[in-house]
Structure formats: structure tokens, C-alpha cells
Protein chains: 2
Amino acid sequence: MVKMSDVAEKANVSKATVSRVLRNPETVKKTTRDKVLAIIEQLNYQPNILARHFRRSETNTILVVIPNILNTVFSHILGGIEHEAGKHGYRVLLANTNRQVEKEYEFLDHLKQRQVDGMILLSARMDKSVLYDVMKQYPVVLTADYLEGIPIPTVTIDNVSSGRTATEHLIKLGHSRIAHITGPLHLLVSQDRLKGYRQALLQNDLDVDNILIQEGDFTHESGYNQMTKLLALEHPPTAVFSANDEMATGIIKAAKDHGLSVPEDLAVVGFDNVKLSAIYDPGITTIAQPMFEMGNKAMEILLHQINGDDSCKKQYVLQNELVIRESCGAKRKNNS
Amino acid sequence: MVKMSDVAEKANVSKATVSRVLRNPETVKKTTRDKVLAIIEQLNYQPNILARHFRRSETNTILVVIPNILNTVFSHILGGIEHEAGKHGYRVLLANTNRQVEKEYEFLDHLKQRQVDGMILLSARMDKSVLYDVMKQYPVVLTADYLEGIPIPTVTIDNVSSGRTATEHLIKLGHSRIAHITGPLHLLVSQDRLKGYRQALLQNDLDVDNILIQEGDFTHESGYNQMTKLLALEHPPTAVFSANDEMATGIIKAAKDHGLSVPEDLAVVGFDNVKLSAIYDPGITTIAQPMFEMGNKAMEILLHQINGDDSCKKQYVLQNELVIRESCGAKRKNNS
DNA sequence: TTGAAAGCGCTAACAG
DNA sequence: CTGTTAGCGCTTTCAA
């Protein structure tokens, strides 16, 4: 392996000069620089990045802590992170927690040991005070999730208002008996979407019937099961707001199996706008989360922090959008 | 930052002993070891991993080169890799190529510069001879894709036999006019699935009608468009084998929009067995690729190579499986 | 604009 | 079983 001293020797300069040519070319006289560059080319010299990382104690690598790579929402955010990171010469290390808190702590050590320059969390179950201590000392951004009470930089959408938008859309379509199948209620985003649902009903003088609120776990199966329960009620709902798109497919399946048509007999609105919602038949009306942009923005903020600019340590709320497809029945109405 | 010499001093031993306690505890007398461990605890010493990587010129990190993270097949394989890597203390660096060859070459440099201990490719578009040179010197595994002519370790399924299985299944159900919507034909896997399709027809004395073979690009939209074309034929097919599940949803959609029912008027078989195929209505009969296992196996082989065992540098073919759901019409027949 | 020199913190011979 | 010693290859003062 050819090293810097080999280049230096052959070019009749010092190691220091070679180093400068590589990292601060403008501080070296052009003729010297060209000479060194030529030798580097000739010897096919590749700097030892490990030595550089060690010496500079920085890695050009950031860590992304993800609860589950198989979840399309997370992989889209990851795509956004990767894109932005790549543009700036940063590498992305994957850290799959499988929703285990212990794993989160483990990966925190990576950051503390300076094995990475910063960290983006896609879920934060760890102790708030621990995270708070970390974020004071190291670059950290949270996205897709958020925490109350600690000022950690966050990139999210407004899940309360999104939940309200989804529900109001169904109300405007004339529904008054609207169910909500929530995500896991230990997640703040699920609580928020539920909160938005409640607000929409109340603001439109509709009763909140707790029997119409069922907790799901974001899977197709839970959507199917909870909807089946709802359809067994004496007064079943005529519309459902589902906390994500996958559950919405389960809801629609349950309705069909019960002999109902969507949207004629049951209107459905989902959440996320993953590809599934566009592909499914009927197309699922949904709240679009700007997943790619969330990743991008999170990475952008992290880079600012890494570069010592802490002015970006704020809460960022990105715009969500209602995407109307067939499952809610609005299109049909518009056509007639 | 407390360092090894601090621990050594406080414990009245040499740095070497501290290092041994950390990396080869069994070579240190128990009492000494316990003393050192206690001091480490007390000082909350964290070894500088960057220094270790530099010194040992190894990183405990492997690189996964992925054409597109958003593709569920790839993210499942990634999941398998991550799982196996985690078990052995290896970290996974993500490298998204967005299908650009230049990116592949770029990431190859990572490996050559020893920034990572090994590399798993989920697609290999680069020049074979380049890859061949690399694989002779560095640990590399290819999965989900393969290359002809060079002996690079590979983990795949047999796409020819899978294509045959899928097509034969449709033949057994009584179909004789079977179409195939392929993946992008510059990919060997697409060519192989097509080859299997052809073999199945020929072996069953059915004509291969080229008009029934249309090239798609693995998206829902291409499935929809190509199926629409096929349905406009004078003698449209009564069954279709789709090279992946997402296109199968487009095919089904096109059939419905054309007033046909699936599977009654058109039988459909997909490929991959991603969650979508189970969720979709109708459920899509498909060839299951053991995605997680592929990732696992690939990582396992890579670890062997990293540890200097080259006996594993072989081609591994994993088992695929036909998963029967509603879209092919077999279930109905069984019931009647 | 360039060079000399001093490490960064750890590991691994080697010797005892 | 433990200590001494000599770096790994690079960056960065400091001085010229």
C-alpha cells in the first residue's frame, strides 16, 4: 500500500505538503501542487481514510436509528437522508432497533464513542433525560416521531391537524358515524391522529362514540380485525379514518368480506400515502406525509449541527396534504 | 476523554495489559483483570474505536450496495443482512446507487481503501473484469442478482425454475394462452424468469406466442399498461405470469378496468411474495423468494471471507416456493 | 509557501 | 502473565 511518505519522497516535498494538497490545495503553490498531484496519479496513491478519521476524530458517517427497515414509511425517510448525506460526502450507517429500547442505548454508544459524527432517530423510546444529555453534547435529530418536554431538534408533520383534516373530509362528505382505527397508542403520533379525529368531530357538533375508536398496530391484519368488530355493531360506522394505509387495506378487505362496497357503503381514509395506497383497488384517499423531504430536512439540520451551527436546533413542521382517491367516495360525487 | 493510559496508570499496569483485558481477557490473570475492569468502570473509560480501527486496519463495518432502498425486495434482504451482521458485531453501511454504475465504482473505492471490511452487492452492473479483480482481493458477495462467467460468491434463487413453476401452475389450471410481463430485460433475473416461462410452455406442447410477452419495468404502472395492450389483442390471454408482485397489481387493475374478473376471466401469478401480494384483493399467487434468508446467507458467507476462509466462495441457490392465493383461481377450484 | 517534528490512542511483537 | 517499545499514516502546529 503506497502511503503519503512515498508520494512526498518521490515529489521531493514533505508529507505536510502532500497532506495540504489533499485537504487545502489553495495553500500550496500551483507548480508544487501539480507536481504532487502528478505523482499521486502516477503511484495511484489512495489516502488511508482510517488514519485520517483517527487523526481528525471525525468519520464522515452518520447513524440512522430505525425501528424497522421493512416499514415503507421509514425506508422512504431513509431514502431522503441518504440522498442528502451523499450530496455532502457523508455515509449512512444503519441501525435497526426492531423497536427494542436496549438497542437504542447501544447505538447511542456509537455516537458517544465518536464512531459517527451525528445521529438521526426515527423513533425515540429511550429515557428522555438520557437523550437530553446526549443532544446537548452531540449532533442529534429526531424525525417521524417527537418527544414532549425536551428541546431536541425535530422534523415532523402536524399529526393532530392531519387527523382533523382526514376526519373533516369524511364529515364534509356527509358522514356522521365515523370510526377511527388508531395506531399503537403508546406512540405520540397515534395519540395525535386520534386527537385530531376527536377535534374534528367536536368542532362539527358530532358525538365522539368511544366504541368507534379501536386500537390497531399499523398492520393489515389489525385493520381487518378491528373493522370486523366494528361491522358487528348494532350501528356500524359509515366511514373510517385509519391511522395508516396498510390498516386501511385491511379495513376495506373486511368491508368487502362483509358484503359491503367501498366507498359506497363504507368510506375509508388512510394515512401516509405510501405506494400501496395508490396501487390498491380502490385507490386509498390518504394524508400524504412528505417522507423523502423529512429525511432530507433531518439530514440538513444534522449537518448544520455537525458544522457547529446550533441555530437550527428547532422543531420543524412540514406540510401534509390530503390526497383524494376512490376509497372515500369524493371522486364519485364530483363526477356526478 | 479518558484514555487507555489513564486506566493503566490508575491500575498500576501497562497499557498493554489494559488492551489485553479488552481484547483477550483470558490472557490476563483474573485478579489483574478484575482490577483493570474496576478502574475502567470507575473512570467510565470508552476505548477510542477510531484508533483501534486505524491500528488494526479493520472497521467491523460492511457495505451494502443497493440499487433502490424503496424496493421492498431489497429492504427485506437488507433486513436479513442487518440481522446477521448485528449478531456478529458488524455494522452495516448503506450505499444507494439509484441504479447508476458510476455509483457502484465509487463505492468500490470504499472497499479498496479498506474503509469497510467487505461488501454485499444487491446488483452488479459494473464491468465484470473490474469486479473480478476486486473479488480476488477483497471479501465480496453478490445476492439478488448474479453474473455469468466469473466465480463471484452468489446467493440467489433459481429464477429459471421459478418462472417454470409459475407458468406450469397456470398450465395445470387449464390455461393455454398465457402471457408473461417481464421485468427489465437487461437484468439476468428477468431473462431467467422469461426463460422458465418459455420452457414451461414448450414442455407442455404449447406455442410461445411472442405477442404475449411484454417487457415491463417492475412498476404497477408498467403492469397496467402492458396488460391493457394485451387485452386489446384479438386473442387476449386468459392468464398472465408477472415477473413481480407490483406489476401483478397493475395487471389485475387493468383487467378490472376492462370489465374482467380475476381470477374468473384472467388468472394472475406474481413473483416475490412481498407483503403487497398478501394484502392485495384478490390475494396474489406468487413465487416466494426467501429474501430475509438471502440476506442472512450473504452476510454469513461474507463473514467467512473476512475471517480468511475462502472455501465458501461458491454459488448458493436457495429454495423458492409457490404460494397459492386467489389471483390464479386454484383455490376456487379446490373448493368446488 | 514549505518543512520538521510531535503526536492522535491503540495494538502487537518481543522480551522478561 | 506482564511490561517495554515501536510504530500504524495522517494532520497540524510552529518555525523558517
Side-chain angles (χ1 to χ4, degrees), chain A residues 1-40 43-61 89 109-110 112-117 308, chain B residues 1-40 43-61 89 109-110 112-117 306-308:
Chain A
M1 203 88 282
V2 33
K3 51 191 147 178
M4 195 174 267
S5 56
D6 299 331
V7 176
E9 195 177 339
K10 190 138 189 176
N12 284 315
V13 294
S14 67
K15 282 188 298 172
T17 300
V18 180
S19 177
R20 285 189 195 103
V21 168
L22 257 26
R23 296 194 50 81
N24 306 93
E26 67 286 358
T27 67
V28 179
K29 196 169 58 175
K30 184 161 183 346
T31 54
T32 327
R33 195 197 317 156
D34 290 347
K35 185 174 58 182
V36 171
L37 252 16
I39 303 288
I40 286 178
L43 297 182
N44 190 25
Y45 165 69
Q46 305 259 37
N48 181 328
I49 309 290
L50 263 30
R52 177 181 292 173
H53 287 168
F54 167 48
R55 184 52 233 260
R56 296 181 49 86
S57 67
E58 67 180 34
T59 60
N60 280 296
T61 306
D109 285 338
H110 262 68
K112 287 189 190 162
Q113 293 171 185
R114 301 204 172 278
Q115 295 192 53
V116 291
D117 297 345
Chain B
M1 202 91 280
V2 32
K3 55 190 145 182
M4 195 175 270
S5 56
D6 298 332
V7 176
E9 195 176 340
K10 191 137 190 176
N12 283 317
V13 295
S14 68
K15 282 189 298 171
T17 300
V18 180
S19 178
R20 285 189 196 101
V21 168
L22 257 26
R23 295 193 50 82
N24 305 94
E26 68 285 358
T27 67
V28 178
K29 195 169 58 174
K30 184 161 182 350
T31 55
T32 327
R33 197 196 318 157
D34 290 346
K35 184 174 58 181
V36 171
L37 252 15
I39 303 289
I40 285 178
L43 297 182
N44 189 26
Y45 164 70
Q46 305 260 34
N48 181 328
I49 310 291
L50 263 29
R52 177 183 291 172
H53 288 168
F54 168 49
R55 183 52 233 256
R56 298 182 45 89
S57 65
E58 65 179 36
T59 60
N60 280 298
T61 306
D109 284 340
H110 262 67
K112 288 188 190 165
Q113 293 171 184
R114 302 204 172 279
Q115 296 193 52
V116 292
D117 297 345
I306 290 173
N307 296 324

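Below, chains carry the letters A, B, ... as their sequence lines are ordered, and counting in each starts from 1.
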message: Checking A:L22 against A:I40 for the side-chain contact (heavy atoms from CB on, under 4.5 Å) test, could you report, in this order, the C-alpha distance in whole Å, the side-chain angles of both residues, the deciding distance, and whether it holds?
response: CA-CA 10 Å; A:L22 257 26; A:I40 286 178; 3.6 Å; yes
task: Nearest whole angstrom, please: distance from the C1' of C:dC10 to the CD of A:Q115.
output: 14 Å
- prompt: Roughly how many Å is it from CD1 in B:I49 to C1' in C:dT11, rounded to a whole number?
  reply: 13 Å
- request: To the nearest Å, give me how far apart CG (B:N48) and C1' (C:dT11) are.
  value: 13 Å
message: Five pairs per end, C1' atoms only: what is the angle between the end axes of the helix from C:dT1-D:dA16 to C:dG16-D:dC1, to 10 degrees?
response: 30°
A:F54 side-chain proximity, nearest of D:dT2, C:dC10, D:dG9: D:dG9
query: Starting at CZ of B:R114 and ending at P of D:dC10, how long is that distance when rounded to a whole Å?
result: 14 Å
- request: To the nearest Å, give me how far apart NZ (B:K35) and C1' (D:dT2) are.
  value: 11 Å
query: Hey, does A:L50 have a side-chain heavy atom less than 4.5 Å from the side chain of B:T59?
result: yes
message: Holding to side-chain hydrogen bond (donor to acceptor under 3.5 Å, both in side chains), I want the full list of residues that pass it with A:T61, two or more places apart in sequence or in another chain.
response: A:R91
Shortest non-hydrogen contact between A:Y45 and A:V2, atoms and distance: CD1-O, 3.3 Å
task: For B:V28 and B:V36, run side-chain contact (heavy atoms from CB on, under 4.5 Å): C-alpha distance rounded to whole Å, both residues' side-chain angles, the deciding distance at 0.1 Å, then the answer.
output: CA-CA 10 Å; B:V28 178; B:V36 171; over 6 Å; no
- request: Measure from CG on B:L50 to P on D:dT11 and round the result to the nearest Å.
  value: 13 Å
- request: May I ask you to evaluate whether B:Y45 reaches the phosphate of C:dG9, defined as a side-chain N or O under 4.0 Å from OP1 or OP2?
  value: no
message: I need the CD-P distance between B:E58 and C:dC10, as an integer number of Å.
response: 16 Å
- request: Could you list all the salt bridge (charged side-chain N to carboxylate O under 4.0 Å, His left out) pairs where at least one residue sits in residues 7-30 of chain B, not counting sequence neighbours?
  value: B:K30-B:D34
message: So, taking the atom named CG in A:D109 and the one named CD1 in B:I49, what distance separates them when rounded to the nearest 0.5 Å?
response: 9.5 Å
query: Which is true for B:S57 with a 4.0 Å heavy-atom rule: it touches a base, it touches only sugar-phosphate, or it touches nothing?
result: nothing
- prompt: Quick one: side-chain hydrogen bond (donor to acceptor under 3.5 Å, both in side chains) partners of A:E58, sequence neighbours excluded?
  reply: A:R56
query: Between CG of B:N60 and CD of A:Q115, what distance do you get to the nearest 0.5 Å?
result: 8.5 Å
Could you list the protein-to-nucleotides 12-16 of chain C atom pairs, N/O on both sides, closer than 3.5 Å?
residue : atom : partner : partner atom : Å
C:dA12  : OP1  : B:R56   : NH1          : 2.8

field: Close approaches to DNA chain C from residues 1-14 of chain B, in residue order (heavy atom, under 4.0 Å)
entry: B:K3, B:M4
- prompt: Would you find more than 12 non-hydrogen atoms of other residues, nucleotides or ligands less than 6.0 Å from B:R114 atom CZ?
  reply: no
field: Candidate pair A:M4 and A:N48, rule side-chain contact (heavy atoms from CB on, under 4.5 Å), full reasoning
entry: CA-CA 9 Å; A:M4 195 174 267; A:N48 181 328; over 6 Å; no
- prompt: Looking at B:T17, does any N or O in its side chain come under 4.0 Å of the phosphate oxygens OP1/OP2 on D:dC1?
  reply: no
query: Between B:R52 and C:dG9, does any side-chain N or O lie under 4.0 Å from OP1 or OP2?
result: no
message: I'd like to check B:T17 versus B:R33 (side-chain heavy atoms, cut-off strictly below 4.5 Å). Are they in contact?
response: no
